[in-house]
Protein chains: 2
Amino acid sequence: MGNASSNYLETFSDIAPPWSSSALKAKVASPNRDTFHTIGLDMSVSGKIASIKDVALAAGVSVATVSRVLSNGPVSDALRKRVEDAVRATGYRPNLSARRLRSQHSQTIGLVVSDIRNPFFTAVSRAVEDAAYRAGMRVILCNSDENPEREELYLRLMQEERITGLIFAPTRAMLDRLDGLDLDFPVVLIDRNAPTGRHDAVVLDNPRAAALLVEHLHAQGYRRIAGLFGNTSTTGQERHEGYQAAMTVRGLTPAARFLAPHADAAEAAVVEWMGQRDRPEAFIVSNSLFLMGVVKAARRLKLTIPDGIAVAGFDNEPWTELVGPGLTVIEQPVQDIGQSAMALLFERLEAPDRPSRRLVLGGTCVVRGSTAARMADAD
Amino acid sequence: MGNASSNYLETFSDIAPPWSSSALKAKVASPNRDTFHTIGLDMSVSGKIASIKDVALAAGVSVATVSRVLSNGPVSDALRKRVEDAVRATGYRPNLSARRLRSQHSQTIGLVVSDIRNPFFTAVSRAVEDAAYRAGMRVILCNSDENPEREELYLRLMQEERITGLIFAPTRAMLDRLDGLDLDFPVVLIDRNAPTGRHDAVVLDNPRAAALLVEHLHAQGYRRIAGLFGNTSTTGQERHEGYQAAMTVRGLTPAARFLAPHADAAEAAVVEWMGQRDRPEAFIVSNSLFLMGVVKAARRLKLTIPDGIAVAGFDNEPWTELVGPGLTVIEQPVQDIGQSAMALLFERLEAPDRPSRRLVLGGTCVVRGSTAARMADAD
DNA sequence: AGTCCAACTGTAATCGTTTTCACTATCTCC
DNA sequence: GGAGATAGTGAAAACGATTACAGTTGGACT
């Protein structure tokens, strides 16, 4: 393959050309061309899907007429019937690649998130996909794993797919570069967003949400409230800011750490932290992975929740209700976030010149036992 | 729009043709054609992405030469350099629709699951996507919501996309119909599978896994072991069979119910069941939603786990470790399932005629506190 | 010097659609 | 009964790539 040179030349789907000895990803590349055995029942036994030309032939009309029938164009009833019959008889299905090429509309939107296994993104992606399919569009989903290089790779893929728009939860690193990039489609940021605001965005009111948690814990009698925040996204930052401000305003001393978004990291941090003097009474954590970490740490330290260690966090996943006395969390309007992102995208497509907008949605504080009123005193 | 007639004529991406007054899904349909404003920096300021023709023009060569450069064909170093420069200068990105049309390889695989929010499918889909992208393929994901009509709809979509293969977790209803269908791509079933075995499949050894749970509970001293199984998939059936057999063999009386796959259904069933005399000592449930339902029911009935009610289920999700004394579950090799499905698919593409294969993977029983040894006696 | 071959390169056909344009009926209206 | 609209139809040109085929070199060999 010689000179890979610049990645400007890389493409995604390598199809084995005649000169390449078809090694490479040969396993997949070009199996055999004539497709798979079909079982009778249908006229389309030849192995290849019928094209519009076949339909035209079968109906005795021109391809133009078939096309018009398919898109409800002006066609006489007689011919329309004949074409419809021919469509059925041949088992015709339009070829979307051809249609997209010709029409210059991919009817596809991109969705790039860090990891679909993060339940927040799972829920958002489901909402996005539903909205997309409802509008007759398809979704291409990519997992960046919080890795800027993969993000860039996938942005190129999106260009090659000629997507009509992108919904994107970028890393901080990508966020900085994003404004400089020259993409051929509009971008709607979700979950994270740039201060510059060149792009549309829909985000949670993170500072307010974090403040809600502080407020709640404070009201319940907690004073030494520590914070754990993710270090890859702006979300972590914003939640930290809200936490910091809310603490300060109440005369409390903020004590925050920034961690990689893994349960293990949180667990280790908590275990270590609770070993120090002036150990926190409560933790506020910026995502559900950290929530797990705290619960695990509590178990390891044999601390009960909330007496030994209170905790509140983000994302109202089904299980948060079930662990211990229930975990107090900020519920994000995931459905709404996904739908709004699609809505913003569609509006942007309609009016490309409109100034960018930032949709800030409020979270709800779901109070559970993990932040029950602090008992008399422990230390 | 007139006669919708048969759905043979429906297509997915409706692009507003000149005669339609572009009402319809107009919001999305065809915004304005000349695309979005680009900010200098790049030569590609015209708004349209450069095509191979533009590159050829810029480099002063034929399109064939450009194409060859892009696919590492035989080109002199001098021309290659010129073309590469031109690619960079024009900001060229290949058009995948065109490439797919011409090459007749969509390099796309379909993935149809019931709901991506089911963590089992989340994990599997992630594994599938990773494997696919690694092989230079894309994935189209669809959520059927256990609805056969949507499944059928999506199968048609897959045909229109000319996917090279499908990974599919069908409902029981679809499973019956599947063999009769005449699809133009190979199908690999996951999680659920037909007894007929016309298609490749990769599934858990469900009977064995369920038996493992019975065996374990029995060894722990439980005797009245009830079962809750999903009623939409073959998975539920198979797990029931395993349960039934393992109970019988031990001289225990099976008592099973089939429910719609929702936590609420399970909760209600358990609450009601525990109100009867001869109430179960333990529950075996066939998915993680039911697991939640049982835990909720226990809480509502103020029964502790496992003394008041023992429980074991399927899917080792992170949270199962955290609730109560930890939940005993069968861990499915989700990663492996996804990867194996892709592997089977690739092998099938290589050898379309090979007889179909069924890959049965074993689950691991992760023992936790929810099935601790039964205390002296309660009743 | 003439032949042959290897190594490049360009021309043009093709993939399956949509859409413009020209054309033919058919109908309406004086 | 002819002019002029109207509706329906087909031929052919795109869309952006890949690739078979036919040249065109230049060098090696006889």
Side-chain angles (χ1 to χ4, degrees), chain A residues 11-20 29-30 33 48-57 59-83 87 90 92-107 159-162, chain B residues 11-20 29-30 33 48-57 59-83 87 90 92-107 159-162:
Chain A
T11 61
F12 286 85
S13 44
D14 286 315
I15 295 164
W19 51 80
S20 115
S30 69
R33 207 162 187 149
K48 274 198 87 57
I49 291 189
S51 81
I52 204 174
K53 213 179 291 180
D54 301 318
V55 177
L57 203 65
V61 300
S62 72
V63 293
T65 299
V66 177
S67 176
R68 279 190 277 255
V69 169
L70 292 169
S71 47
N72 278 300
V75 178
S76 68
D77 288 350
L79 282 200
R80 161 161 279 128
K81 169 114 185 27
R82 260 165 54 198
V83 169
V87 163
T90 53
Y92 170 79
R93 295 272 89 205
N95 181 321
L96 291 186
S97 290
R99 183 174 283 185
R100 288 201 260 260
L101 172 59
R102 171 59 228 224
S103 70
Q104 301 287 70
H105 284 313
S106 67
Q107 300 290 100
Q159 306 243 68
E160 303 189 358
E161 291 279 6
R162 302 293 193 267
Chain B
T11 62
F12 286 84
S13 45
D14 285 317
I15 293 164
W19 50 80
S20 116
S30 70
R33 210 169 185 144
K48 275 196 85 56
I49 292 190
S51 82
I52 203 174
K53 214 179 290 181
D54 302 317
V55 177
L57 203 65
V61 300
S62 73
V63 294
T65 300
V66 177
S67 176
R68 279 190 277 254
V69 169
L70 291 168
S71 47
N72 278 300
V75 178
S76 68
D77 289 350
L79 282 200
R80 162 161 279 129
K81 169 114 185 31
R82 261 166 54 199
V83 170
V87 164
T90 52
Y92 169 79
R93 295 273 89 205
N95 182 321
L96 291 185
S97 289
R99 185 174 282 186
R100 289 201 258 259
L101 172 59
R102 172 59 229 229
S103 70
Q104 300 287 72
H105 283 312
S106 66
Q107 299 290 99
Q159 307 242 69
E160 303 190 358
E161 292 279 5
R162 303 292 193 267

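Proteins come first, then strands; the chains are lettered A, B, ... in the order of their sequence lines, and each starts at number 1. Because the structure is predicted, anything quoted here is derived from the model rather than measured.
- When each of C:dT18, D:dG10, C:dC15 is scored by its nearest atom to the side-chain atoms of A:Ser62, the top-ranked nucleotide is D:dG10.
- Closest approach to the A:Gln104 side chain among D:dT19, C:dG16, D:dG16 is made by D:dG16 (side chain taken as heavy atoms from C-beta onward).
- The distance from atom CG of B:Leu79 to atom P of D:dT24 is 17 Å, rounded to the nearest whole Å.
- In terms of polar N and O atoms assigned as donor or acceptor, the side chain of A:Arg99 never comes within less than 3.5 Å of the base of C:dT17 in a complementary pairing.
- Proximity note for A:Ile52 (side chain, C-beta onward) versus C:dT9, D:dG8, C:dT18: the nearest is C:dT18.
- Whole-Å rounding puts the B:Arg93 CZ to D:dA17 P distance at 11 Å.
- Here the C1' atom of nucleotide D:dG16 and the CG atom of B:Leu70 are 12 Å apart, to the nearest Å.
- Distance B:Gln107 CD to D:dA17 P: 16 Å, rounded to the nearest Å.
- Atom CD of B:Gln104 sits about 7.0 Å away from atom CG of A:Asn95, to the nearest 0.5 Å.
- In this structure, the CZ atom of A:Arg100 is 24 Å from the P atom of D:dA14, given to the nearest Å.
- Side chain B:Arg68 to base C:dG10: a donor-acceptor pair is found below 3.5 Å.
- Atom NZ of A:Lys53 sits about 14.5 Å away from atom OG1 of A:Thr90, to the nearest 0.5 Å.
- To the nearest 0.5 Å, atoms CZ (A:Arg68) and OG (A:Ser62) are separated by 6.0 Å.
- Taking every side-chain heavy atom of B:Ser76 into account, C:dT9 is the closest of C:dT17, D:dT9, C:dT9.
- For the atom pair CG of B:Leu70 and CZ of B:Arg99, the computed distance is 7.0 Å after rounding to the nearest 0.5 Å.
- Rounding to whole angstrom units, CG of residue A:Asn95 and P of C:dT14 are separated by 18 Å.
- Between B:Asp77 atom CG and C:dC8 atom P the separation is 8 Å, expressed in whole Å.
- What separates CG of A:Leu101 from C1' of D:dT18 is a distance of 13 Å, to the nearest Å.
- A distance of 8.0 Å separates CZ of B:Arg82 from OG of B:Ser76, quoted to the nearest 0.5 Å.
- Not a single donor-acceptor contact under 3.5 angstrom links the side-chain atoms of A:Arg102 to the base of C:dT17.
- Checking the phosphate oxygens (OP1, OP2) of C:dT9, no side-chain nitrogen or oxygen of B:Thr65 falls inside 4.0 Å.
- Listed nucleotides: D:dA13, D:dT18, C:dC8. Nearest to the side chain of B:Val63: D:dT18.
- Between B:Tyr92 and D:dA17, a side-chain N or O to OP1/OP2 separation shorter than 4.0 Å is present.
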